[in-house]
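See below for the structure under consideration.
Here the structure is a predicted model, which means the values were calculated and not measured.
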There are 2 protein chains.
Amino acid sequence: MTDAAVPPPPSKGERTKERIVAAALELFRAHGYEATTMRMVAEAAGVSLGNAYYYFENKDLLLAAFYREVHEAHLAAARPRLARKRALADRLSAVMTAKLEVIEPYHRFSALMFRSAADPESPLNPFHPAGADIAREGEQLFAEALTGSSTRVPSDLAAELPGLLWTYSMGIVLYWIHDRSPGRRKTHALVDRTVEMIASAIKLASNPLLRPFRKKVVELVRDLRFPTEV
Amino acid sequence: MTDAAVPPPPSKGERTKERIVAAALELFRAHGYEATTMRMVAEAAGVSLGNAYYYFENKDLLLAAFYREVHEAHLAAARPRLARKRALADRLSAVMTAKLEVIEPYHRFSALMFRSAADPESPLNPFHPAGADIAREGEQLFAEALTGSSTRVPSDLAAELPGLLWTYSMGIVLYWIHDRSPGRRKTHALVDRTVEMIASAIKLASNPLLRPFRKKVVELVRDLRFPTEV
DNA sequence: GGTTGGAGTTGAACATGTTCAACAACGGTC
DNA sequence: GACCGTTGTTGAACATGTTCAACTCCAACC
């Protein structure tokens, strides 16, 4: 019974959509986002301009498709590395390094990802329905990095850490966008050093003596984590 | 001798530019950024479309002019409040509250400020020459908040704090952009609580016992503060 | 086989940011 | 006052994201 595993054959529309995405990703890679016009995408996909808009309401949604692809690549790159590490700092480092490596080819136009991520209207924004999946999966990855590590974390903190770490990773990406150093040396240095600090801070915060302080921070995060809620 | 204080009379061009800015700000306020077209701005300013582009290379630069106006308003609102506070937490709170009040009328399109701020190419980005002034003045304001307070801060830390606090304020603004709660309650709550935590952390970090740890953090910040440097 | 309704597709049209060659106004110089 | 270079100004043209009414294709149904 392999029925459940066999996806239905792609419809004509699905194949067309796939062609459009592929064309767009290739053009983005080659020319960047702004320089890639919808007409170029349509032509490269062997499709009319209007047809591209039949599948993607606007250009941003093509970017969202691209973003998802990058995200999948990150997951695929990070998980095998996690399997080889125990120490928390190493595991966090594995996740972040995988991220930096995956996004490196797109440095020249990755600012776009970020601008969209900061825009409440954009499908890339983690609070937007269309972008929520990626954020959730990103947090999930950090959750795996935590649970698989040799470090024990109190449960109240453990509940909030994945979200915090995901936010941290967004901050790193923002730094990386502006990083002009060769080989993105500064971003890697920042990751190396902050990852150590975070691991230390987590161990410290797990100390029973610090429970009251920890509670206060966890409460703050829990209360205010979702600005979009009322 | 009041010569130095008397600015030269505005040239024709300066007056035209002023009219364009004024028209743009009013239209932004009324309709938001995207919905305001350059043609609308030109017409409202009583000027041809091409002429608007003579003064502002692109629409983003009009947004930059708007951003500067908001920034000036923030400085003007924050400084008198600082004069009435001594405690560090109160002073930080004064600066942040002034900021939130000043930007509140523009909540609907303020995401634009942020997207531009995150974009290395944009004039709003603090690492971009055109946006650097605003960032510097923002840090300066935090420097005033610090030096005027009753709290003593070790000099190594004092050198880095304004920049860190400015970064913190950007984070608050990012949160505020997504805040849908009535009266922006959640953002205010976040400010209230984080400002306390920051003041406590600064006092804690000033403790001589923590000098090694503080040195480590200060060094990290100093080394990596400017991603755009090589 | 004909009909029908939805999915897929097209090209033209539109709105808007941006550019540009040409023109006008102005201020200084002789 | 005539000349001239700089500053200011214009409207048309262009590129590109987006929309839309019309068309084709195709599978399901009678």
Nearest-Å distance for atom pair [atom1]/[atom2], residues [X] and [N]:
| X | N | atom1 | atom2 | value |
| --- | --- | --- | --- | --- |
| Lys17(A) | dA7(C) | NZ | P | 14 Å |
| Arg15(A) | dA7(C) | CZ | C1' | 13 Å |
| Tyr54(B) | dA24(C) | OH | P | 17 Å |

Expected list for residues 19-32 of chain A: side-chain donor-acceptor pairs under 3.5 angstrom, two or more places apart:
unit_1: Arg19(A); atom_1: NE; unit_2: Ala45(A); atom_2: O; d: 3.0
unit_1: Arg19(A); atom_1: NH2; unit_2: Ala45(A); atom_2: O; d: 3.3
unit_1: Arg29(A); atom_1: NH1; unit_2: Tyr106(A); atom_2: OH; d: 2.6

With the criterion being N/O to N/O and under 3.5 Å, what pairs connect the protein with nucleotides 21-23 of chain C, and how long is each?
none

Going by atom types only, do Asp60(B) and Tyr67(B) share a side-chain donor-acceptor pair under 3.5 Å? no
Would you list the pairs meeting side chain to side chain donor-acceptor pair (under 3.5 Å) in which at least one residue belongs to residues 91-101 of chain B, sequence neighbours left out? Arg81(B)-Glu101(B)
Is it true that atom CD of Glu104(B) has more than 12 heavy atoms of other residues, nucleotides or ligands lying nearer than 6.0 Å? yes
Can you list everything that forms a side chain to side chain contact (heavy atoms under 4.5 Å, CB included) with Arg193(B)? Sequence neighbours excluded, please. Glu219(A), Leu220(A), Asp223(A), Leu224(A)
For His188(B), check side chain to side chain contact (heavy atoms under 4.5 Å, CB included) against everything at least two apart and list the hits. Leu100(B), Arg184(B)
Calculate, to the nearest 0.5 Å, the distance between atoms CZ and CG belonging to Arg185(B) and Asp179(B) respectively. 8.0 Å
Assess whether salt bridge (Lys or Arg N to Asp or Glu O under 4.0 Å) is satisfied between Arg79(A) and Glu72(A), documenting all intermediate values. CA-CA 11 Å; Arg79(A) 288 201 165 114; Glu72(A) 307 274 3; over 6 Å; no
Across nucleotides 15-27 of chain D, 5' to 3', mark each nucleotide with B, S or - according to how protein heavy atoms within less than 4.0 Å reach it. -BBBB--------
